[in-house]
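Accompanying notes for the structure given below.
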Amino acid sequence: MLESALISLMGCHMPAIRDTRHGDRHTRRDWNGWENIPIPIAWGEIGGWHIPLSSSPIYRADSEEVAYVTSPADFDLDALKTGGANKINITGGEFKSIRLPRRIILAERVVWFAVARAHGGNGSAGSSLRHRLRQIAAIGQDTGIGYGRVARWNVDLVDDDWSWYAPGDISPVLMRSLPKCAELPADLCGAQAWFDRPAPPYHEKSTACEVVRPC
Amino acid sequence: MSNSNYQLFVVHRAVSPITHMEGTTGNVAVLMRQGVLYEGSIHRVPCLTGNAMRNRMLREPGSHLLKTRLGLYGHLSAHQDRFLSSGQERSEKGNSVDVGLKRRGYELMPHMRLLGGTLPSQVIEGRAQVGFGVLCCRESRTARAAIIPHDWPMEESDLLSYQSMIEFRQYTRKSDDVDTHLRDGEVPDHSMMIFGGYTLVSGSVFVQRIDMRGCRDIDAGAACAAIELWDGTVGGQKSRGHGHLHCEYQLLCDGATVEAAPLIDAYEKHVEDHKQAAIDWLYEAVREPTPQGLASAKN
């Protein structure tokens, strides 16, 4: 979530890497190049994929509930021109009023483990990350109507890299979705097989592949 | 024209009981609330949702200003009115973005650049992130600290609990002229219909933050112009006097306080200067959907 937020922020600087002359299907190599986007997160390579060195978000959901986002079909009758439709259906069709459920999680804090990298200026990797994070006021969906507000970002420096794997009691614990490949630790725990997109762009369907994800 | 990060900090003081509701149980209206963490437990504190405030405080008055200045009253189709008043919905299937149309729309209509909207076949994203109105009460300290400026006071000692700010109201509705419609021999029914719900007391204070990132001066001016035009109501029962707010706001540009009045003037001048181009853009961008377009959108 952290890296997708950053990438959408920096999306305007994304180099053009799509080549549609050869059809719509792309190999994983077509999408490698995202690591050149100047975000203060380092990247690693596994199974031929370039993956950000950042864990999945870790949080404790203090409460889970459903909120309803509504959009009533109101019309300003004074604004409508005469001779238009006499009846407007608001229970179906294009002007249907909506009341959509949204799953809401209340979490006091969300934590990521990431490897920062410096880019631009004279600052350290940590300060680059702090600078970028300060510009992010909200994360997740429906930020336009107040959800996902971030009170503040804290960046604490630690010595160990727990972005992909964290030390467990018996064997390494998976910390984010990674492509299923021979380079994964053989005794990896906390992982389940899945079919997903392990690297940005996360919305791009053609990058979906066999992955392992934290469970 | 350079882009800046603007923030609006808004303080709403209720001058009548607030009835912004999330639903009903039977014939009782239930207040809209948000969960907040306070001393290790979750409290459901009444709030003003960002969705409601985005519509009531920014979109409705902003579209009214546009329709007035552009002379659009009485000249819009249902789709065009819906686009200005509530953002519209997609009515055609499409997988491409008309960049030129979008760019011209951003240039001509700061209102749309601020709040976004949906053209028949593409979504145009807005820049405003409208936060929740957070009730100033003992339990909402963390939520308030997340949104108000650092130099604003956080006086805690005299804040009440939200539980002491909620009261119940009840109305009755009676039809007095029912007797005149009775036929001979019919017995008049004078029973009254009772309806009611929970309200938040007058004097309650909400704080709210609106982030506008990568905006021009005229975009921030569009937001301030809309707030100035807003009638200050939120929630239901406003015809009975509920839901009236007194609003004050502070505008910040990249962290420094700026005057809103010059930006509002600049926005109004922009609307006046680009009047015909904006009308032409609206009629071009929000056209009546074709039957084929509607059919493809459903598939």
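Since the model is a prediction, treat every value here as computed from it, not as a measurement. Throughout, a chain's letter reflects where its sequence line sits, starting with A, and its residues are numbered from 1.
- Your options are Gly144(A), Ala67(A), Ser63(A), and the one with the most heavy-atom pairs under 4.5 Å with chain B is Gly144(A).
- The most heavy-atom pairs under 4.5 Å with chain A, out of Val130(B), Ile210(B), Asp211(B), Ile147(B), come from Val130(B).
- If you measure heavy-atom distances from Arg149(A) to chain B, the contacts under 4.5 Å come from the side chain alone.
- In terms of non-hydrogen atom pairs under 4.5 Å with chain A, the most contact-rich of Gly116(B), Gly50(B), Gly23(B), Gly74(B) is Gly74(B).
- The nearest pair of heavy atoms linking Ile42(B) to Asp62(A) is CD1-O, 3.0 Å.
- Heavy atoms only, all atoms of each residue included: Ala79(A) and Asp81(B) are closest at CB-OD1, 3.7 Å.
- Considering all non-hydrogen atoms of both residues, Val69(A) and Asn51(B) come closest at CG1-ND2, 3.8 Å.
- Interatomic distance, Arg54(B) CZ to Ile145(A) CD1, rounded to the nearest 0.5 Å: 8.0 Å.
- More than 12 heavy atoms of other residues, nucleotides or ligands sit less than 6.0 Å from atom NZ of Lys102(B).
- Rounding to the nearest 0.5 Å places CG of Asn55(B) at 8.5 Å from OG1 of Thr70(A).
- Distance check: Tyr73(B) OH to Leu80(A) CG gives 10.5 Å after rounding to the nearest 0.5 Å.
- The contact between Arg213(B) and chain A is made entirely by side chain atoms (from C-beta outward), counting heavy-atom distances below 4.5 Å.
- Of the residues Lys67(B), His64(B), Arg82(B), the one that meets the side chain to side chain donor-acceptor pair (under 3.5 Å) test with Asp76(A) is Lys67(B).
- Residue contact with chain A, scored on non-hydrogen atoms closer than 4.5 Å, is absent for Gln34(B).
- Heavy atoms closer than 4.5 Å to chain B are found nowhere in Tyr68(A), neither backbone nor side chain.
- Looking at Ala78(B), the atoms closer than 4.5 Å to chain A (heavy atoms on both sides) sit in the backbone and in the side chain alike.
- At most 12 heavy atoms of other shown residues, nucleotides or ligands fall within 6.0 angstrom of atom OH in Tyr59(A).
- Each of Ser77(B), Ser41(B), Ser63(B), Gly214(B) has some count of heavy-atom pairs under 4.5 Å with chain A, and the biggest count is that of Ser77(B).
- Between Glu65(A) and Arg44(B) a salt bridge is recorded (basic side-chain N to carboxylate O distance below 4.0 Å).
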